[in-house]
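First comes the structure, then the notes that go with it.
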Amino acid sequence: MTEQTSQAALDDYLAGRFWAEDQLLKDLRADIAARAPRINISPEAGATLATLVHAVKATRILEVGTLFGYSGTWLARALPDEGHLDTLELSPVHAEAAREWFDRAGVGDKVTVHLGDAGETLASLDGAYDMVFIDADKEGYPSYLDHALRLVRPGGLILADNIHQRGRLAAASEDDASVRAIRTYVERIASDPRLRSTVLPLGDGLSLSVVSAT
Ligand SMILES: C[S@@+](CC[C@H](N)C(=O)[O-])C[C@H]1O[C@@H](n2cnc3c(N)ncnc32)[C@H](O)[C@@H]1O
């Protein structure tokens with residue numbers, strides 16, 4: 001067996017057990033590919049989010065950056081019946097598509113899609129959330145972290161996608177606004193005494209921060 005074959009076999013083995021997509025998630029991803037940028041998280045990241053929902057017994061989740069609801073569907077499905085997901089989206093087209101997909105997934109009554117700029121919507125929200133997942137405009141991450149620290153309960157989680165910036169994070173020659181903002185975010189989650197953080201090598205890098213319980 002070649003190395004490549006054995007890697008493919010390993011991927012299939014794990015995917016089949018931990019992050020297999022049902023037909024709805026496959027159709028949702030195909031809809032994104034047809035009508036929007038393919039910037040949704042991976043099935044592996046979706047399964048990680050869902051596992052963490054169970055780990056912290058989340059009933060209230062906040063997502064910044066909905067797209068068509070791919071990550072939101074993984075999150076909402078992991079919630080208990082009384083749980084709720086608030087997800088924030090700037091684009092009316094994306095918000096409308098997400099509402100349709102949440103309904104088709106049977107989780108529409110557990111999800112509120114807030115249309116508008118995340119910064120404005122966040123200022124209007126109150127805690128306590130068990131988990132915040134940040135996956136929108138990168139320049140906004142430092143400000144979204146401020147809101148997350150205000151909104152997440154002790155012992156809750158703050159996650160953020162695209163931390164690697166496709167390898168640009170640690171490249172001194174890279175200095176655009178997105179990379180600078182992600183560096184600020186990373187420095188803060190690495191040094192804030194209220195947080196215990198790491199970055200998981202999933203997709204473009206998924207940061208995971210636990211908010212201090214004390
Ligand atoms: C990476 S996509 C989200 C992907 C989604 N979390 C998933 O994995 O399925 C980022 C989304 O954030 C939205 N967005 C960008 N800037 C925003 C802002 N200032 N406020 C709210 N949403 C914003 C974009 O329109 C886009 O739909």
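Note: hydrogens, waters and symmetry copies are ignored here, and every other heavy atom, side chains too, is used. Atoms within a ligand are numbered from 1 in the order they appear, just like the ligands themselves. This chain uses plain numbering: 1 for the first residue, then up along the sequence.
Remark: ligand 1 atoms within the under-4.0 Å shell around heavy atoms of Ile39 are 1 (C), 2 (S), 4 (C). Close contacts between ligand 1 and Asn40 involve ligand atoms 7 (C), 8 (O), 9 (O) [criterion: under 4.0 Å to a heavy atom]. Close contacts of ligand 1 with Glu63, meaning ligand atoms under 4.0 Å from a residue heavy atom, involve 6 (N). Ligand-side atoms of ligand 1 in range of Thr66: 5 (C), 9 (O), range being under 4.0 angstrom from any heavy atom. The contact set between ligand 1 and His94, taken as ligand atoms under 4.0 Å from a residue heavy atom, comprises 25 (O), 26 (C), 27 (O). Here is the list of ligand 1 atoms found below 4.0 Å of a heavy atom in Tyr70: 9 (O). Ligand 1 places these atoms under 4.0 Å from at least one heavy atom of Gly116: 20 (N), 21 (C). Each of the atoms 18 (C), 19 (N) of ligand 1 lies under 4.0 Å from some heavy atom of Tyr144.
Ligand 1 has no N or O atom lying under 3.5 Å from any N or O atom of Phe133, backbone or side chain.
Here the shortest heavy-atom pairing between Ile182 and Ile163 reads CG2-O, 3.5 Å. Shortest non-hydrogen contact noted between Pro80 and Thr59 is CG-CG2, 3.9 Å.
The protein atom (non-hydrogen) at minimum distance from atom 9 (O) of ligand 1 is Ser71 N, 3.1 Å. Annotation: atom 14 (N) of ligand 1 to nearest protein heavy atom, Ala136 CB, 4.0 Å. Given atom 25 (O) of ligand 1, the protein heavy atom at minimum distance is Glu89 OE2, 2.6 Å. The protein heavy atom nearest to atom 16 (N) of ligand 1 is Asp137 OD1, 3.3 Å. With respect to atom 8 (O) of ligand 1, the closest heavy atom belonging to the protein is Ile41 N, 2.8 Å. Annotation: atom 22 (N) of ligand 1 to nearest protein heavy atom, Leu90 N, 3.1 Å. For atom 20 (N) of ligand 1, the closest non-hydrogen atom of the protein is Ala118 N, 2.8 Å.
A salt bridge is defined here as a Lys NZ or Arg NE, NH1 or NH2 lying under 4.0 Å from an Asp or Glu carboxylate O, and Arg77 with Asp22 meets this definition. Note on Asp176 versus Lys138: no salt bridge recorded, every NZ/NE/NH1/NH2 to OD/OE distance being 4.0 Å or above.
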Exercise. Could you walk me through whether Leu75 and Met131 pass side chain to side chain contact (heavy atoms under 4.5 Å, CB included), step by step?
Key: CA-CA 10 Å; Leu75 289 165; Met131 194 166 158; 3.9 Å; yes
Practice problem: Walk me through it: do His84 and Thr112 pass the test side chain to side chain donor-acceptor pair (under 3.5 Å)? | Solution: CA-CA 8 Å; His84 199 84; Thr112 303; 2.7 Å; yes
Quiz prompt | Test side chain to side chain contact (heavy atoms under 4.5 Å, CB included) applied to Arg153 and Val56, step by step | solution = CA-CA 11 Å; Arg153 67 162 166 85; Val56 296; 3.7 Å; yes
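Hydrophobic clustering, with ILVMFWY side chains joined whenever heavy atoms are under 4.5 angstrom apart, groups Leu67 together with Leu24.
Remark: side-chain polar atoms of Asp130 are not paired, donor with acceptor, to backbone N or O of Ile61 under 3.5 angstrom.
In this structure, Tyr70 and Trp74 have perpendicular ring planes: the angle between them is above 60°, well past the 30° mark.
Of the candidates Asp117, Leu28, Thr87, Leu122, it is Asp117 that places a heavy atom closest to atom 19 (N) of ligand 1. Looking at Asp135, Leu67, Thr121, it is Asp135 that brings a heavy atom closest to atom 10 (C) of ligand 1.
The residue Trp74 has no part lying near ligand 1, judged by heavy-atom distances below 4.0 Å.
Heavy atoms from other residues, nucleotides or ligands lying under 6.0 Å from CZ of Arg196 number 12 at most. Within 6.0 Å of CZ on Arg180 lie more than 12 heavy atoms contributed by other residues, nucleotides or ligands.
Proximity of Ala45 to ligand 1 is not established, as no heavy-atom distance is less than 4.0 Å.
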